[in-house]
Amino acid sequence: MDLERGTLENATVTRRYLSDLRGAFADERAYAQALARDNPLIYTVASVEPATGEGQLHYALAVLMPGKVGAEYFLTKGHLHAWRPAAEVYVGLRGQGFLLLEEERGETSRLVPLSAHGVVYVPGRTAHRTINVGAEKLVYLGIYPAGAGHDYGAIAERNFRQVVVEQAGRAVLLDRAAFRPSTPGVS
Ligand code: S6P
Ligand code: ZN
């Protein structure tokens, strides 16, 4: 793995820019203002799919840039697996961040630290989004069943119930409804 460049042998690389994250950030005004200025790369995902079929695994090296839209830290789109029972293992390699985990049918969300040497188990039927709260790139490897697939639809429609924002220099988890945007712009 090349952690600096976010590449892996035999990988297909997906690049997500700010414009690909429409609707993901809570502060729509800050998002629009940021996009009017620039369209930075927010994250890359280098996926390796050696084989398909029962028992096979796929894996991906992801690099999420540091930064914020308004007060909200850079994040991934987030998804459920199309094959709902499919779980996933995340291995933190660099940086400092979190995984926001939200059960599809449940009231609870969990914010689990993801940083170098950390391992996070994402159960099936759980929407997951990565959030970079550090000053450096957040780099991690995800390993998942070959048949997992990605379902972005439900998240695109209703988003996660909670947001991770900077308040007084700290990352805090708030209910989306309780978050009142104040400072527009990307920083
Ligand atoms: C794949 C795994 C990760 C994500 C990556 C980007 O199942 O969960 O490799 O693809 O964190 O997130 P997203 O939501 O844009 O796919
Ligand atoms: Zn996943």
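Any value given below was found using the heavy atoms of this structure, including those in side chains, with hydrogens, waters and symmetry copies removed. What you see is a predicted model; the values in this text were computed from it and never measured. Both ligands and their constituent atoms are indexed starting at 1 by order of listing. In what follows, residues are counted from 1 in the order of the sequence shown.
- Of the protein's non-hydrogen atoms, H79 CE1, 3.7 Å is the one closest to atom 4 (C) of ligand 1.
- The aromatic rings of H79 and H81 sit tilted relative to each other, their planes meeting at an angle between 30° and 60°.
- With sequence neighbours left out, the ring pair (Phe, Tyr, Trp, His ring centres under 6.0 Å) criterion links F179 to no other residue.
- In this structure, K77 does not pair ionically with D20, as no charged nitrogen and carboxylate oxygen lie closer than 4.0 Å.
- Note on the Zn ion (ligand 2): protein N, O or S atoms under 2.8 Å away count 4, no waters included.
- The protein heavy-atom contact nearest to atom 11 (O) of ligand 1 is Y140 OH, 2.6 Å.
- Taking a cut-off of under 4.0 Å to the non-hydrogen atoms of H128, the atoms of ligand 1 that pass are 8 (O).
- Scanning all protein heavy atoms for the shortest distance to atom 8 (O) of ligand 1 gives Y90 OH, 2.6 Å.
- The closest approach between any non-hydrogen atom of G78 and ligand 1 is below 4.0 Å.
- Shortest contact from atom 2 (C) of ligand 1 to any protein heavy atom: E88 OE2, 2.7 Å.
- Grouping the Ile, Leu, Val, Met, Phe, Trp and Tyr side chains by contacts below 4.5 angstrom, directly or via other members, places I155 apart from L174.
- When all heavy atoms of V63 and L3 are compared, the pair lying nearest together is CG2-O, 4.3 Å.
- The protein non-hydrogen atom at the shortest distance from atom 9 (O) of ligand 1 is A60 CB, 3.6 Å.
- In this structure, the side chain of T130 does not engage the main chain of T76 through any donor-acceptor pair within 3.5 Å.
- The closest approach between any non-hydrogen atom of R129 and ligand 1 is not below 4.0 Å.
- In the candidate list Y144, Y43, Y152, Y43 is nearest to atom 15 (O) of ligand 1, counting heavy atoms.
- If you check which protein heavy atom lies closest to atom 12 (O) of ligand 1, you get T76 CB, 3.5 Å.
- Annotation: atom 1 (C) of ligand 1 to nearest protein heavy atom, H150 NE2, 3.1 Å.
- Between R158 and L80 the shortest heavy-atom distance is NH2-CD1, 4.4 Å.
- Shown here for D2 and R5, the closest heavy-atom pair between the two residues is OD1-N, 3.0 Å.
- Looking at every heavy atom in both residues, Y140 comes nearest to Y90 through CE1-CE2, 3.2 Å.
- Within the 3.5 Å criterion, the main-chain N or O of Y31 finds no donor-acceptor partner in the side chain of D27.
- Salt bridge annotation for E4-R94: present, with a cationic side-chain nitrogen under 4.0 angstrom from a carboxylate oxygen.
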